[in-house]
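Quick caveat, the model's predicted, so the values are computed rather than measured.
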Amino acid sequence: MQFLAHFSPFCADNNLYMTKNIAIFASGSGSNAENIARYFQENDTVKIKLIVANKSDAYVLERARNLGIPSVVFLKKEWDKADNILAVLKENDIDFIVLAGFLLRIPEAILHAYPNKIINIHPALLPKYGGKGMYGDNVHKAVVAAGETESGITIHYVNEEYDKGEMIAQFTCEVTPADTYETVAAKVHALEYEHFPRVIKEVLNTESQKH
Ligand code: GRF
């Protein structure tokens, strides 16, 4: 495990902090979105307020219903201008955005409205296996094809370029010659479930201490 950005130690006095409202953006299954939502379910200072999807058949919407979290779908064309999306984020008092398997580029208007307040998880050890086309199983297939001996996850801030924002943390897993892309995907998902919610909490704690 490696933390790449500096974090102050966690402060136990939650009353010091205002509640942070989080929106999770997801395009597909949403297993990370659900895992994050469950992690913060009992948390008084972090609220998963909204799930935003870009496809009306994304399974994450079903998960949102089951979790009782409001969700909204913005189809691809609405992401070009982003006015409607920003209006909904504002209406919901969203402070921070987590991308969890979200496949569209984040429009500049949203990046400007949320500077250093959008983080993403990438299922590989950036800067390797990042950029256009490197998502989902494509990443794990490329890792196996290259004969890598390790893979892992990268949690990073989001900027204008795919997978190039400042790194926050990386966690690794072993890749052996016996691994297939499916087994690598399973190892990487396990790392995501274990670490992503906790890193989000640490980033939010650090944020709160700045104010
Ligand atoms: C995860 O592996 C995440 O790292 C990547 O997309 C996948 C989404 O999985 N960005 P899920 O939808 O959370 O199950």
Side-chain angles (χ1 to χ4, degrees), residues 4-5 17-37 40 45-61 63-64 67 69-123 126-127 130-136 153-169 192 196-197 199-208 210-211:
L4 299 151
Y17 307 125
M18 309 238 303
T19 300
K20 295 266 185 197
N21 292 325
I22 313 299
I24 300 178
F25 290 12
S27 298
S29 162
S31 66
N32 277 285
E34 176 166 351
N35 183 51
I36 295 162
F40 287 110
T45 55
V46 178
K47 185 172 167 61
I48 307 301
K49 188 94 191 278
L50 186 67
I51 292 190
V52 177
N54 61 307
K55 290 177 190 163
S56 40
D57 61 351
Y59 187 66
V60 70
L61 297 169
R63 294 184 195 268
L67 289 158
I69 298 174
S71 62
V72 59
V73 177
F74 291 106
L75 298 176
K76 195 165 186 303
K77 60 178 183 329
E78 296 194 77
W79 292 87
D80 294 338
K81 209 155 165 255
D83 298 23
N84 297 341
I85 305 170
L86 274 172
V88 167
L89 296 176
K90 202 166 170 218
E91 269 163 35
N92 282 277
D93 291 323
I94 298 300
D95 301 301
F96 199 86
I97 299 170
V98 173
L99 310 186
F102 186 69
L103 297 180
L104 292 184
R105 187 183 290 279
I106 300 298
E108 260 184 39
I110 297 182
L111 291 172
H112 286 149
Y114 289 89
N116 277 325
K117 290 183 189 331
I118 309 177
I119 65 172
N120 179 45
I121 189 161
H122 186 77
L126 292 173
K132 211 163 167 51
M134 279 293 144
Y135 60 87
I153 60 172
T154 304
I155 298 164
H156 64 93
Y157 287 102
V158 175
N159 65 12
E160 290 79 0
E161 287 186 87
Y162 270 129
D163 302 329
K164 295 229 172 120
E166 186 196 354
M167 288 191 215
I168 298 166
E192 293 177 340
F196 198 19
V199 171
I200 294 168
K201 187 167 91 177
E202 285 169 23
V203 170
L204 292 172
N205 283 337
T206 304
E207 278 257 311
S208 301
K210 284 186 204 153
H211 302 132

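The CD1 atom of I36 sits 13.5 Å away from the NZ atom of K201 when rounded to the nearest 0.5 Å. Remark: H122 NE2 to M167 CE distance equals 10.0 Å, nearest 0.5 Å. Here the CD1-CD1 distance, from I110 to I118, works out to 7.0 Å after rounding to the nearest 0.5 Å. One finds the CE atom of M134 at 11.0 Å from the CG atom of L126 (value rounded to the nearest 0.5 Å). Distance check: N205 CG to T45 OG1 gives 7.0 Å after rounding to the nearest 0.5 Å.
Within a 6.0 Å radius of NZ in K49, other residues, nucleotides and ligands contribute more than 12 heavy atoms.
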Just list the side-chain donor-acceptor pairs under 3.5 Å for residues 69-80, sequence neighbours left out, or say none.
from: E78; atom 1: OE1; to: N84; atom 2: ND2; distance (Å): 3.1
from: W79; atom 1: NE1; to: F74; atom 2: O; distance (Å): 2.7

Run the side-chain donor-acceptor check on residues 89-108: report pairs under 3.5 Å with partners two or more places apart or on a different chain.
from: N92; atom 1: ND2; to: V88; atom 2: O; distance (Å): 2.9
from: D95; atom 1: OD2; to: N21; atom 2: N; distance (Å): 2.7
from: R105; atom 1: NH1; to: E160; atom 2: O; distance (Å): 2.8

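Every residue two or more places apart in sequence or in another chain that forms a side-chain hydrogen bond (donor to acceptor under 3.5 Å, both in side chains) with N54 is listed here: S27. Residues satisfying the side-chain hydrogen bond (donor to acceptor under 3.5 Å, both in side chains) test with N159, not counting sequence neighbours, are none.
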What do the steps show when you test F196 against I153 for side-chain contact (heavy atoms from CB on, under 4.5 Å), and what is the final call?
-> CA-CA 9 Å; F196 198 19; I153 60 172; 5.7 Å; no
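Looking at heavy atoms from C-beta onward, L86 lies in side-chain contact with Y114 at the 4.5 angstrom threshold. With a 4.5 Å cut-off on side-chain heavy atoms, V60 and I24 do not count as touching.
Closest non-hydrogen pair, G165 versus H156, comes out as O-CB, 3.8 Å. Nearest approach of I48 to A37, heavy atoms of both residues: CG1-CA, 3.9 Å. Across every non-hydrogen atom of P197 and N35, the tightest pair is CG-ND2, 3.5 Å. Contact between Y157 and N116 at its shortest, heavy atoms only, is CE2-O, 3.4 Å.
Within the structure, salt bridge (charged side-chain N to carboxylate O under 4.0 Å, His left out) pairs that include any residue of residues 23-34 comprise E34-R38, E34-R63 (at least two apart or interchain).
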